[in-house]
Amino acid sequence: MAPDLTKQVLTSTAETVLARRYYLKDAEGNPTETWETLCRRVAGAVAAVDREPEQVGLLRDSFFNLIYHMDFLPNSPCLMNAGTDLGQLSACFVLPIEDSMDGIFSAIRNGALVHKTGGGTGYSFSRLRSKNASVRSTQGVASGPLSFAAVFDAATETIKQGGKRRGANMGVLRVDHPDIMDFIAAKEDQSRFNNFNFSVAITDAFMQAVEEGDDYELIEPSTREVTAVLSARAVFEKIVDLAWHNGEPGVLFIDAANRANMTPQLGEFEATNPCGEQWLLPYESCNLGSINLANFVRGGEVDYTRLKHVTRIATHFLDNVIDCNRFPIPEIEEMTLKTRKIGLGIMGMHDMLIQLGIPYAGEPGRQLAATVMKFIRNTAEERSMELAADKGPFPAYDPAVNDYPARRNAALTSIQPTGTVSMIADCASGCEPYYSIVMVKHVMDGDRLILVNKYFEQIARAEGFYSEELMSRVADSGTVIGHPEIPEKWQEVFRTAQDISPEDHIRMQGILQQSGVDSSISKTINLPKSATREDVKLSYITGYRLGCKGLTVYRDGSRDSQVLNTKDSA
Ligand code: ADP
């Protein structure tokens, strides 16, 4: 397949984002690249690790076509760094924190090296002894996970990642750690821990205790002694209360994650990457990329033939990224090469549903999304098994303990936020619905510039209900619902994140998780401002029952600004 240079038109937003953060620059800071040359750089570097020259040429062209036409985009570090001296291509890392001064400050150092290259880090603080536990060497007392988390936060603040991405961290604490109550409340004050998302690692035993109204034990990690017994319901209520208050902490269902651990012989999952979609073992890293489902509707149907073709090439691409990558520290290189995890995801899922005229909120939309995700996962697995036959399975694969067929990658799929890459591709992010359909931008002299979703404008014009006046009214009300000129069908199809019920959000996450996601899903469960604590509680319980591996809720207006997972911070 030769490079297909049918001109790719970029939106002005995409051009701005690319010029500011992705195109390589000369000494004066002027971009020296275009979208086309960037894609050639990335495709060339990632194809080059396949050895036979003939194959490299073919691969380079097919990688190029995929990225240039935005059928698939790799995560930001790959777009920024492939083919450069830095050469670090992964978005996610999980680093262990051992319970010693050396362990803690090594983790801070390792995290700094990861942030410098554009990666995000997840840490579990669960191994650290609790506040006031004794320290034998100094005969003093420990300051506890939270005081050390503040040092991680300050270090991240200081390293601004060369101006391209500010650092991002996930901080996890097990629900049975003695300092759990302080951790839950740590971000009540929105000025603290701004470089972290905090999540509580919740166990099945805890959820059962909540259900049955039982107490549960807090365990000191350094001695394994029981330090206190708390009411599971009281702790759960506190998590719910603070998540209602401003969206933090999130919850991670750690036992569900570990049940899906493909290499238990290497260790347990303790934490995810910053946005929660990728569970990783200590020192593992993972490179991500997303298929843009907006590009796969033809003649009113999903074009599965082309989706298969693109998924196969994308899987090969992400597998090659592992060999092309320059890892920040040797421990990460060693672990990553053992399991060769990749995170193939999607974006533009709402675009696909809109083009098919199917609402996001409802059984038909969910069924279709699940079918597509399963198709992608099965295709990726098939391709990974072929790559294993060709190049060998991931080295940690052991048929004596792993009861699945040999493949090249221990994990294949996850659904990422795609905060920036979806802006480049001009589609809805990840598996999220659009956040708005008509937006007003205030420009000079009090003028209002009205920005209308491209599909909505096209349909409104074709069906004759487009008017500036209507668009202005939709913008002011923030929703397409309830405007009599808009046919009922389109009101349903163009429901946005805030118009979709929390239950519909969770059901979508649940069905995607069950049908085709190995790792996890970054998704926000949007709740209206009027939602109660009971609504938040119900969301968590439903998500848990549906097999989600983590949940993030956000009640409209409950935070001044969202720290992570918003387009301008990615
Ligand atoms: P992108 O669209 O830029 O490729 P995503 O929004 O999909 O990235 O985020 C994917 C992952 O990349 C996140 O879960 C996180 O691990 C990492 N990440 C995102 N933003 C940042 C950031 N500002 N700094 C470091 N890592 C980040």
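Order of appearance sets the numbers: ligands from 1, and atoms from 1 within every ligand. In what follows, residues are counted from 1 in the order of the sequence shown.
Ligand 1 has no N or O atom lying under 3.5 Å from any N or O atom of L288, backbone or side chain. Taking only nitrogen or oxygen atoms, main chain and side chain alike, A91 reaches within less than 3.5 Å of ligand 1. Checked against a 3.5 angstrom limit, the closest N/O atoms of P74 and ligand 1 fall outside it. Residue G167 places no N or O, backbone or side chain, under 3.5 Å from any N or O of ligand 1. Considering backbone and side-chain atoms together, R166 places an N or O closer than 3.5 Å to an N or O of ligand 1.
Short contacts between ligand 1 and G419, defined as distances under 4.0 Å to a heavy atom of the residue, involve ligand atoms 2 (O), 5 (P), 6 (O), 7 (O). Heavy-atom proximity to P274, at under 4.0 Å, picks out these atoms of ligand 1: 15 (C), 16 (O). Atoms of ligand 1 found under 4.0 Å from any heavy atom of G120, numbered from 1 in the order shown, are 25 (C), 26 (N).
The option from Q416, Q278, E277 that lies nearest to atom 11 (C) of ligand 1, judged by heavy atoms, is E277. The heavy atom nearest to atom 14 (O) of ligand 1, out of those in N75, N195, V114, N273, is found in N273. Among S429, S414, G119, S76, the residue whose heavy atom lies closest to atom 3 (O) of ligand 1 is S76.
Scored by the salt bridge (charged side-chain N to carboxylate O under 4.0 Å, His left out) test, R312 finds E382, E386 as partners (sequence neighbours excluded).
Comment: D518 does not engage K341 in a salt bridge, judged by the lack of any side-chain N to carboxylate O separation of less than 4.0 angstrom. R326 and D85 are not joined by a salt bridge, as no carboxylate oxygen comes within less than 4.0 angstrom of a charged side-chain nitrogen.
Here the shortest heavy-atom pairing between P274 and A168 reads CG-O, 3.3 Å. Considering every non-hydrogen atom in both I525 and S539, the closest pair reads CG2-OG, 4.4 Å.
Centroid-to-centroid, the aromatic rings of F183 and F125 stay 6.0 Å apart or farther.
Counting heavy atoms under 4.0 Å from ligand 1, residue H115 does not touch it at all.
The main-chain N or O of N195 is found under 3.5 Å from a side-chain atom of N169 such that the two form a donor-acceptor pair.
Inspection of the T37 and Y23 side chains reveals no N or O donor paired with an N or O acceptor under 3.5 Å.
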